[in-house]
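We name chains A, B, ... by the order of the sequence lines, and we start the count at 1 in each one. For the numbers below, each heavy atom of this structure counts, side chains included, while hydrogens, waters and symmetry mates do not.
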Amino acid sequence: MTAYTLQRLLYVVVVVWIMSVLIFGITQLLPGNVAYAILGQYATNEQIAELERLLGLNDPWYVQYWRWFLGMLHGDFGQSIVMQRPVGPLIFEAFGRSAILAAIAISLVAAIGTWLGVHSATHRGKLSDRVLTLAQYFFIAVPEFFWAILAIILFAVWLGWLPATGYTPIGQSGVGRWVAHLILPVATLVCGLIAHVSRLTRSSMLETLRSAYILTARAKGLPHRLILRRHALPNALLPTITVLAVDVGILIGGVVVVETVFAYPGLGRLLIYAIEHRDIPLLQAGMMLVTTVYALANLGADLLYAAVNPRIRYGRSAG
Amino acid sequence: MRGDRIGVVFQDASAALNPALAVGLQVAEPLMVHRRLSRGAALERAIELLGEVGVRQPAEVARRYPHQLSGGMKQRALIAMALSCEPDLLLLDEPTTALDVTIEAQILDLLEALRSRRGLSMLFVSHNLGIVERICDDLAVLYAGRIVEQGPTEAVFSQPRHPYTKGLLAALPRVDRDRITRLAPIPGGLPDLTQPQEGCGFRPRCPFSVAACALPQALVSGGDSVLVRCHRSAELSGEAWPAERQPAASRRREPGVRIIEGDRLAKGFRLGGLLRRIRFERGLPRLGPAPEIRAVDDVSVRINRGEILGIVGESGSGKSTLARLMLRLLDADAGTLRYKSMPVPQRPGREFRRRAQIVFQNPESSLNPRKRVGQILARPLSLFSGANQGDLERRIVRLLTLVRLSASYSDRYPHQLSGGEKQRVSIARAMASEPEVLVCDEPVSALDVSVQAAILNLFADLRDRLGVAYLFISHDISVIAHLADRVLVMYGGAVVEEGTLDEVLHPPYHPYTEALLSAVPLVGARERASQRIRLPAEATEPSKGCRFAPRCPRRIGGLCDEVAPPVREPAPDHRIACHIPIADLARIEPVLVRRQS
Amino acid sequence: ESVMRIAVGTSLSTLDPARASTGEEYIYDNLLFNGLTRMRADLSIEPELAEKWEYTPDLKSWTFHLRHGVKFHNGREMTADDVIATFQRILDPATASPPRSNYDMIDKMTAVDPYTVRFDLKYSYGGFADIMSDRQVKIVPRDLVGQLPTHPVGTGPFMFKSYTPGDRLVLVRNPDYWEKGQPKLDGVEERIIPEMSARIAALQAGDIDVIWDLPPEQVKTLAQNPNLRVESVPTPSWDAAIMNDAIPPFNDVRVRRAFHLAVDKRDVVESVLFGQGAPTLSPIPPTHPFFNKDIPFGKADPAAARKLLAEAGHPDGIKVALVVPGGRPVRERLGVALQQLARPAGFDIEIKTVPFSQYSAEVSGKAPFYIDGYFARPTIDTALYAFYHTDGSWNIRLWHFSDKRVDEVLDKARLTGDPAEQKPLYLAFQKYIDEDDPSFIAYAVNFICAYRKNVRGVETHPMRWFDLRMAEMTP
Amino acid sequence: MAEVPDSVGSMPGTAPRLARLPAGMGLGGTVVAVFVLLALAGPWIAPFPFDQFDMHARFAPPGGAHWFGTDEFGRDVLSRVLAGAPYSLMMGFGATAISLVLGVPLGLAAAYYRGIMGELVMRAVDVMISIPPILLGLLILAVTEPSLWKTIVAVGIVYIPIMTRITRSVALGLLAEEFVEAARARGESAGYILFREILPNAWPPIIVETSLRVTFAILLGSALSFLGLGAQPPLSEWGLMIAGSRPFIDQAPWIGLAPGLALCVLLIAINLLGEGLREFLDPRFVERG
Ligand SMILES: Nc1ncnc2c1ncn2[C@@H]1O[C@H](COP(=O)(O)OP(=O)(O)OP(=O)(O)O)[C@@H](O)[C@H]1O
Ligand SMILES: Nc1ncnc2c1ncn2[C@@H]1O[C@H](COP(=O)(O)OP(=O)(O)OP(=O)(O)O)[C@@H](O)[C@H]1O
Ligand SMILES: [Mg+2]
Ligand SMILES: [Mg+2]
């Protein structure tokens with residue numbers, strides 16, 4: 001297992017490196033001149049040329065890439081062009097807040113989603129399965145910004161139970177307020193994801209229940225619950241694990257809409273800001289962070305996969 | 001009661017074991033549930049059970065996961081699981097179908113031992129008549145969901161009473177009989193089971209059917225404590241299943257005209273990608289050498305026009321790889337391939353592609369499910385002979401006729417065909433380009449006996465009428481014995497013996513050939529039991545000398561482990577690679593006892 | 001703890017006042033810093049860091065006398081050198097200060113003594129003291145310029161505590177503020193809440209106290225809420241459909257006139273602003289004494305417009321693309337409204353949305369026809385000269401308009417500080433503009449804020465910032 | 001799509017497939033079809049031009065001449081929802097079509113050329129997948145000024161890697177089948193094998209994935225519209241309509257509710273259809289007790 005872990009870790013390193021090349025490439029494609037972005041619309045051409053020289057923007061792209069990449073290795077993520085402050089703290093603070101949101105959301109999605117999925121599968125065709133199915137379709141279908149606004153109006157304005165927007169650090173005004181600020185964004189986020197995960201779990205559970213080893217377990221006369229828990233679940237959860245890993249990546253950097261509506265200062269919004277303002281260093285660092293987290297989440301999924309499914313350690317190719 | 005008084009062993013052990021749980025736990029589970037043993041006690045008992053079913057190092061195996069076990073071990077674990085609560089009855093649904101002949105033989109031994117040691121009753125489901133004859137006391141023959149004949153195995157086999165049973169036995173190729181040129185297939189297929197059946201379900205396929213067969217049939221006594229569901233059983237008692245009317249075509253043989261020749265072919269497979277080769281030594285990554293499997297190692301194959309070369313060997317011995325090498329579907333690492341004495345390049349030209357074709361084992365996967373039979377056959381026709389539309393249709397019909405399918409099949413999709421029909425279509429496809437060499441990679445092992453008989457007949461016809469040469473791969477010795485002119489016995493990627501059919505089936509032969517022959521359950525070979533040779537489970541350490549040495553029951557000492565065996569020729573073109581002198585090999589008692597039919 | 005929480009829409013991009021360019025940044029500037037002069041809510045000028053000032057009769061040399069004992073938040077006293085350093089930064093192109101060209105006329109700055117600064121101008125300029133109140137020319141400590149982007153220090157009533165982009169800017173009371181007894185609040189927070197409906201919800205729920213820049217469509221509903229107070233004040237800020245007079249089709253004055261004939265500006269105000277604004281001719285708002293009331297806003301006359309278009313060579317109407325800033329609902333609506341209202345007259349307008357953040361780089365001064373708007377400027381001169389003078393810095397970017405008569409009155413008006421002399425000049429200016437229609441100035445827009453009822457002592461400022469020295473929060 | 005055999009009765013295991021069409025699929029299919037019809041017929045059946053102002057009837061509640069009410073410009077909401085249908089459908093089906101057209105061949109190639117080239121493609125796919133869809137979409141849109149078709153293209157591009165990955169995994173399985181080897185034994189070209197032998201068999205899982213993608217594409221498209229990067233006003237793409245209705249959620253909730261409901265119903269229908277298709281096409285879903 002150690003060797004396997006190290007192998008996968010090495011793979012992550014390789015993927016992250018490839019990502020760095022790709023991200024650097026993509027961000028270079030963005031229109032808009034960095035020097036222009038810094039100096040503003042009143043700058044003269046000479047000033048722009050001078051700044052470009054200072055920033056090394058005239059160097060070949062691989063020199064620029066290498067400089068950027070080495071800087072990152074040393075923990076230097078550069079300076080935000082627009083905000084004129086170091087990118088590192090900006091990104092990592094936002095990441096911390098996103099991570100909290102993601103961690104809570106993913107735990108809920110994993111727990112509730114799989115539970116509902118298993119319930120649907122084992123109660124296939126019964127009323128509760130049908131109701132759940134309908135609810136799942138509904139939650140998949142409604143755009144999250146719709147929920148978000150509805151939730152704010154209902155819980156913050158009409159009922160006044162929860163703060164409408166924002167975020168408070170846990171140390172600042174106590175756990176209660178910290179939790180209160182997280183409830184609505186988390187709830188909005190998890191609705192759709194739970195629906196998706198539970199549908200997936202349902203179908204993979206149904207498939208597992210049809211497998212020969214479940215038949216064997218029945219033939220052994222094992223009680224139903226034991227069959228579910230010990231024989232079916234670990235195998236049925238494999239596809240779910242993969243999807244959860246993807247969800248982690250999305251939750252870290254891709255919940256722009258929820259972050260926007262709830263004014264939650266997470267990484268997604270920071271990245272949008274960077275894209276809109278052509279703040280290339282900020283964008284590059286943020287995207288590196290998001291993709292690295294995704295790669296790590298995938299690593300986690302792989303290891304979990306291997307732990308649940310001993311075949312993987314030997315059987316699966318790198319793809 | 002389930003799991004307690006009755007144990008069940010399912011068909012496919014690799015599917016029946018939970019991949020995510022250690023084997024020991026799976027064996028122990030029924031004990032924890034039914035006997036209320038603690039986990040520890042149950043695991044201990046599970047290890048005992050594994051030992052009892054012949055697993056070596058049971059404590060070690062108990063900790064492993066299914067994917068880390070060989071097929072035979074998995075089947076043993078499954079049996080141990082079924083036995084855990086000491087049931088009175090063991091249900092076995094094709095417990096050996098997924099296994100290799102040599103492993104199959106071991107499992108059958110185990111079952112026999114358990115039966116005598118524990119006094120177990122078993123319900124044994126199988127389509128392999130050889131196994132049934134060997135292991136079963138009583139036998140029930142099912143057709144279309146009904147028992148058509150039931151009684152002591154001996155009695156049923158020696159004198160089949162129901163036409164279906166007769167047909168089954170007639171369709172069976174048998175090593176123990178003199179070679180008959182043609183097998184007798186049962187025409188037609190299973191009736192539609194969604195329709196209620198009134199009378200005898202076998203009626204439409206039965207050569208003896210009369211009007212009264214449409215009436216409901218009762219199970220009546222047929223003598224010798226045999227029950228039979230056929231109202232004509234008594235009057236048909238002397239009647240044998242009719243042989244095929246069509247006479248065998250006279251065989252065109254052109255001995256000595258070499259059509260294809262592979263010389264010292266070799267192929268190794270590297271395992272895993274770059275990443276898989278990375279090893280960690282004291283935390284530092286190292287690029288290790290790629291582990292390699294020598295799937296085919298220095299094998300030479302020669303086939304003459306109109307000749308059938310049979311290849312036998314256990315699973316993984318490199319038969320399929322050799323077949324692909326012969327067609328250049330895989331690039332050989334070494335060796336040369338000659339077609340009509342001309343070397344075949346890495347990317348063979350049209351002529352070779354046209355004249356060398358292949359038929360695969362699995363009829364389900366060898367036809368594109370999205371194409372109609374007509375389309376499937378049209379492609380090689382238009383590709384190789386550029387036939388126009390009308391011409392094409394005519395030739396498709398001709399091909400279908402060749403494999404005895406009616407022209408209407410041209411519009412069907414593969415899923416609308418039975419297994420045998422599919423296999424015929426893939427033979428027709430291979431024949432479409434008028435090949436001179438046909439490589440058949442286990443073309444009948446997925447088929448049931450009656451369909452198999454029809455296909456084997458077809459192969460023989462094509463050989464006889466068109467002079468097609470075959471490389472015919474099978475792990476079923478009876479099939480090879482029925483069809484082949486010459487036989488190649490492979491073990492571990494190399495040829496251990498090669499010769500004419502008779503030479504290979506009779507001593508002197510290679511110890512592995514002997515083991516293989518003795519492991520095959522053959523109908524009418526019950527009395528062989530005393531001489532059965534059992535190979536130990538696969539060796540872990542590859543030997544530097546003879547590949548077979550670690551498992552060889554006739555190993556003569558260190559020589560076998562150290563030195564590659566010499567190839568001896570007891571007769572012209574009969575080669576045996578073994579250290580044992582030919583004279584000693586010739587003295588071995590034959591494992592096949594021929595009976596007069 | 002009385003902390004006022006003001007909701008704004010976007011993150012502040014810079015904490016350096018010299019570079020400020022958005023309303024969110026202006027709010028902060030005015031709380032953390034002071035200028036030499038200050039503009040009151042009635043748009044008149046009063047002393048701030050400069051106690052008093054005098055100028056030579058030719059309006060070319062201005063001397064400002066600084067207040068004694070004004071300390072930066074780090075305790076050091078503000079002196080003439082800081083003032084000079086501040087303006088040197090503004091004038092340095094590398095600083096990229098948006099209003100740099102407004103201060104081009106500064107020729108020389110001299111620290112007469114630590115509390116006296118003299119500005120010598122290149123040409124006479126009557127509004128110099130007024131433009132000292134502008135948003136970017138805040139006095140910063142000369143030695144701490146480097147930390148402005150991250151930890152700014154000023155002389156204002158509030159001090160910087162923290163800034164989390166995307167979340168909030170936190171300011172605390174400056175206990176040593178030079179205006180004794182001020183400020184009354186313990187602190188101010190700018191809360192960044194991008195989603196307007198969330199901002200409104202937060203205000204209703206009491207999570208925030210003030211919404212800065214409430215969209216006009218919200219006035220009616222929020223005004224009914226007993227816990228809230230909505231204030232809407234007319235401002236000189238204006239929105240326009242900017243036409244480039246140098247390239248087709250708007251280089252033809254008939255096409256421009258046709259467009260003005262096609263659209264009734266009162267309809268525009270109603271549909272776009274829900275009445276929260278007023279039609280105007282030029283950046284001089286209808287509330288200003290210089291506004292020319294004699295020029296009427298005509299009813300839409302599609303027939304006349306079509307005729308003019310036909311004369312200009314477009315008998316079948318004309319197809320134009322109109323760029324609209326994404327994420328600015330009012331201006332998006334303006335685009336849609338113009339598209340719809342001008343259609344009967346033969347204008348086939350295709351709308352293209354470009355995110356507002358990309359506007360200055362990609363649209364402004366580049367697209368031939370686009371929606372944009374400009375904040376109020378401290379004086380009529382700064383509001384007009386750059387836009388309408390042939391050499392005006394905005395004119396050469398936006399519409400490339402040139403009219404000798406206009407140049408003449410604009411040049412003349414800046415030579416005097418006397419409103420009585422300026423008024424006829426600016427009335428004439430509006431008349432000329434109405435004849436030439438260099439661009440479609442749609443309206444002067446009201447600035448609207450919503451407050452919770454317990455917020456006191458704040459005037460809604462037409463310059464869209466807050467003066468919170470006297471603000472209080474009653475429990 | 002799956003051909004329904006004409007003479008199936010005689011073969012066991014090929015019971016008429018239509019008979020076990022999942023119930024939801026029919027419903028989903030019908031609703032989608034209705035939406036497509038409405039989208040096509042929109043211009044003729046809409047009671048008003050979708051962009052016609054009526055300053056006297058601003059914020060008219062549902063009822064009377066305006067079944068779904070009017071919006072802030074007095075435009076008829078029903079007419080706008082109708083006019084918006086083609087855009088939402090185009091967003092879903094257009095983007096998915098793009099991801100199909102580009103992703104599927106890429107996946108086929110990556111499966112066939114398993115060497116360095118396939119490896120590179122799959123690593124690039126990994127990277128693309130690791131960027132959250134909405135970010136990738138925004139990034140792509142940041143390169144140009146937004147418009148509906150660019151959004152469609154962007155969403156399509158976002159989903160290419162997923163299509164590639166799925167196609168590849170399906171094709172890898174199929175490439176191991178013996179009919180492929182038979183084709184190689186005939187000396188068929190890579191193109192023939194991939195497009196004539198593999199692709200027809202790869203459709204079912206791809207179709208199933210496609211139906212899911214349509215849902216996500218519409219949602220992503222409307223999220224991008226929400227962020228101001230989708231369709232251009234006065235077009236009434238539903239995401240844009242919902243986004244634009246936010247200020248009026250108090251005084252005129254119907255402006256957003258109408259397109260919201262339409263979107264919701266359409267997506268549920270597509271999901272029903274997709275899941276039904278999956279059960280229908282995926283042999284593993286055939287009941288076995
Ligand atoms: N593509 C491949 N990659 C790696 N190893 C392979 C590959 N193909 C075959 N092998 C290995 O080569 C050896 C020979 O395989 P081959 O398929 O030729 O055996 P076989 O005799 O046909 O067995 P069977 O009777 O089970 O079909 C086996 O150990 C197999 O695992
Ligand atoms: N769950 C099921 N649903 C529908 N039909 C079934 C089911 N299980 C079996 N059948 C059908 O019932 C018939 C008998 O099946 P069964 O599995 O008992 O055959 P078998 O004799 O064991 O065949 P094999 O040798 O292939 O294992 C077949 O036609 C099969 O298709
Ligand atoms: Mg069976
Ligand atoms: Mg094989």
Flag, side chain of A/His231 to backbone of B/Leu21, donor-acceptor distance under 3.5 Å: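 Between the backbone of B/Leu21 and the side chain of A/His231 there is no qualifying donor-acceptor contact (under 3.5 Å).
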
Look at atom [atom1] of [X] and say whether more than 12 heavy atoms of other residues, nucleotides or ligands are closer to it than 6.0 Å.
X: B/Gln57; atom1: CD; answer: no
X: A/Gln64; atom1: CD; answer: yes
X: A/Phe92; atom1: CZ; answer: yes
X: A/Arg225; atom1: CZ; answer: no
X: A/Arg130; atom1: CZ; answer: no

Contact check, side chains of A/Thr216 and B/Gln26, non-hydrogen atoms, under 4.5 Å: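 A side-chain contact is absent here, since even the closest heavy-atom pair is not under 4.5 Å.
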
pair A/Leu222-B/Glu29: side-chain heavy atoms closer than 4.5 Å: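 With C-beta onward as the side chain, the pair touches.
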
Looking only at heavy atoms, which two atoms of [X] and [Y] are closest? And how far apart?
X: A/Tyr213; Y: B/Leu17; result: CB-C, 3.5 Å
X: B/Ala15; Y: A/Ala212; result: O-CB, 3.4 Å
X: A/Gly221; Y: B/Val33; result: O-CG1, 3.9 Å

Portion of A/Ile214 that has a non-hydrogen atom of chain B nearer than 4.5 angstrom: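 Contact with chain B: none, neither part.
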
Interchain contact, B/Leu91 with chain A, by part (heavy-atom threshold 4.5 Å):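 The answer is neither part of B/Leu91.
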
